[in-house]
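Worksheet: one structure, shown below.
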There are 2 protein chains.
Amino acid sequence: MSRKNSNTPKKSRYPGAKKTERYIQSSILMALKIRSSYGYELIKGISQFGFVEGQAPPGMIYRHLRDLEENGLVSSEWQTQGAGPAKRVYRLTPEGSEVLDFWIEYMKNQVEKLLNFIKIYQNNKMT
Amino acid sequence: MSRKNSNTPKKSRYPGAKKTERYIQSSILMALKIRSSYGYELIKGISQFGFVEGQAPPGMIYRHLRDLEENGLVSSEWQTQGAGPAKRVYRLTPEGSEVLDFWIEYMKNQVEKLLNFIKIYQNNKMT
DNA sequence: TGACATATATCCTCTAAACATATATATTCA
DNA sequence: TGAATATATATGTTTAGAGGATATATGTCA
């Protein structure tokens, strides 16, 4: 993908260009489904879910965590025991777990849509 | 999906909420791959590709068409023959066709990511 | 004690979608 | 024949979400 090629038009949207859907919320919910965690650990760890490469932007993670907590999808508490600075540990709530279920359904639906689009493309490839 | 339920938090991101990736550009490119077309026809027709329900918002279609043409992915000409008002007919350029190829690759990649995420979920469903 | 690591957090900017609005020509119908 | 409707085009504004920048605090280590 030559998005960074200097003679690539800048205004046109290219696959993987900025602002693609990155499923940050669903990745956070998933991480907390597996195990309670804290911001910094999430920043480093959510790339395992495939939508983010390397470390997630802190801005995204903390904003999402705040929103999620305001809306009751996660809860948090300070943990001061253990090594290093105090950590704010987040835990998934039952409602958060339910929203993750919805995300999974949404993703399944998205997969169908994408596969259908690809099929249309292949059926028209020679035209 | 209870997004419209009045006691659903409004600030939290829910699947299918506003601003999800809608693949308008790829849908337009696909439509023009199949057959040259004009704005109004695209508005009515791109729902066939699955990402838009009903008629696409005119604002989205015309803006995208303008951008696509500015960047050489499509070309257009006025067609005044035939019934009804004059139509501005758009045709896919070779570069546009190439970008559609990239979109297809991007989508295949996205499918893999989504399926992987779903698999992680199912592997952790009982925790 | 300063450099570095861990850990948290907010603000600003930009992009893409949603929404609103407008105009012009052609066709239909009372 | 004129108003209503359909076809066809287009732009401006607002909103939501991602990207980027920046800052602060505590703990660890050389």
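All chains are named by letter (A, B, ...) in the order of the sequence lines, taking the proteins before the strands, and each is independently numbered beginning at 1.
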By side-chain contact (heavy atoms from CB on, under 4.5 Å), which residues pair with [X], not counting sequence neighbours?
{"X": "A/K113", "result": "A/N109, A/Q110, B/F51"}
{"X": "A/P85", "result": "none"}
{"X": "A/E41", "result": "A/R35, A/S37, A/Y38"}

Exercise for the section: Side-chain contact test, heavy atoms from C-beta onward, threshold under 4.5 Å: evaluate it for A/I46 versus A/Y23 and give yes or no. Expected result: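 Side chain of A/I46 against side chain of A/Y23, heavy atoms only: no contact under 4.5 Å found.
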Practice task
Taking the side chain as every heavy atom from C-beta outward, state whether A/Q122 and B/I104 have any pair of such atoms under 4.5 Å apart.
Solution key: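 The answer is no; the side chains never approach within 4.5 Å.
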Length of the line joining [X]:[atom1] and [N]:[atom2], which is rounded to integer Å:
{"X": "B/E21", "N": "C/dA16", "atom1": "CD", "atom2": "C1'", "result": "10 Å"}
{"X": "B/K87", "N": "C/dA26", "atom1": "NZ", "atom2": "P", "result": "10 Å"}
{"X": "B/I61", "N": "D/dT11", "atom1": "CD1", "atom2": "C1'", "result": "15 Å"}
{"X": "B/Y38", "N": "C/dT25", "atom1": "OH", "atom2": "C1'", "result": "14 Å"}
{"X": "A/Q55", "N": "D/dG20", "atom1": "CD", "atom2": "C1'", "result": "15 Å"}
{"X": "A/Y90", "N": "C/dA7", "atom1": "OH", "atom2": "P", "result": "14 Å"}
{"X": "B/D67", "N": "C/dA17", "atom1": "CG", "atom2": "P", "result": "11 Å"}
{"X": "B/E53", "N": "C/dA17", "atom1": "CD", "atom2": "C1'", "result": "15 Å"}

Exercise for the section: Mark up nucleotides 21-27 of chain D, 5' to 3', with B wherever a protein heavy atom is under 4.0 angstrom from a base atom, S wherever such an atom reaches only the sugar-phosphate, and - elsewhere. Expected result: B----BS
So if I take every side-chain heavy atom of [X] and compare against [options], which nucleotide ends up nearest?
{"X": "A/Y40", "options": "C/dA9, C/dA7, D/dT11", "value": "C/dA7"}
{"X": "A/M60", "options": "C/dT10, D/dA18, C/dA7", "value": "D/dA18"}
{"X": "A/R63", "options": "D/dA8, D/dA18, D/dT13", "value": "D/dA18"}

Practice task
Between B/I43 and A/I24, just flag the one whose closest nucleotide in DNA chain D comes earlier from the 5' side.
Solution key: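 Its nucleotide being nearer the 5' end, the pick is B/I43.
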Problem - Residues in salt bridge (Lys or Arg N to Asp or Glu O under 4.0 Å) contact with B/E98, at least two apart in sequence or another chain - result: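 Scan of B/E98 (salt bridge (Lys or Arg N to Asp or Glu O under 4.0 Å), adjacent residues dropped) gives none.
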Exercise for the section: Only counting residues at least two apart or in another chain, list the ones meeting side chain to side chain donor-acceptor pair (under 3.5 Å) with B/R66. Expected result: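 Applying side chain to side chain donor-acceptor pair (under 3.5 Å) to B/R66 gives none.
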Practice task
Quick one: list whatever passes side chain to side chain donor-acceptor pair (under 3.5 Å) with A/S97, sequence neighbours left out.
Solution key: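 So A/S97 forms a side chain to side chain donor-acceptor pair (under 3.5 Å) with A/K33.
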Exercise for the section: Can you tell me which residue pairs pass the salt bridge (charged side-chain N to carboxylate O under 4.0 Å, His left out) test with a partner in residues 114-124 of chain A, sequence neighbours excluded? Expected result: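 Every candidate salt bridge (charged side-chain N to carboxylate O under 4.0 Å, His left out) pair involving residues 114-124 of chain A fails, so no pair, neighbours aside, qualifies.
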Handout entry: Side-chain N,O (A/H64) to OP1/OP2 (D/dA18) below 4.0 Å
Key =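 For D/dA18, OP1/OP2 do have a side-chain N/O of A/H64 under 4.0 Å.
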Exercise for the section: For DNA chain C, find the residues of residues 75-82 of chain A with a heavy-atom distance under 4.0 Å and give them by number; none if there aren't any. Expected result: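 Going residue by residue through residues 75-82 of chain A, the ones with a heavy atom under 4.0 Å of DNA chain C turn out to be A/W78.
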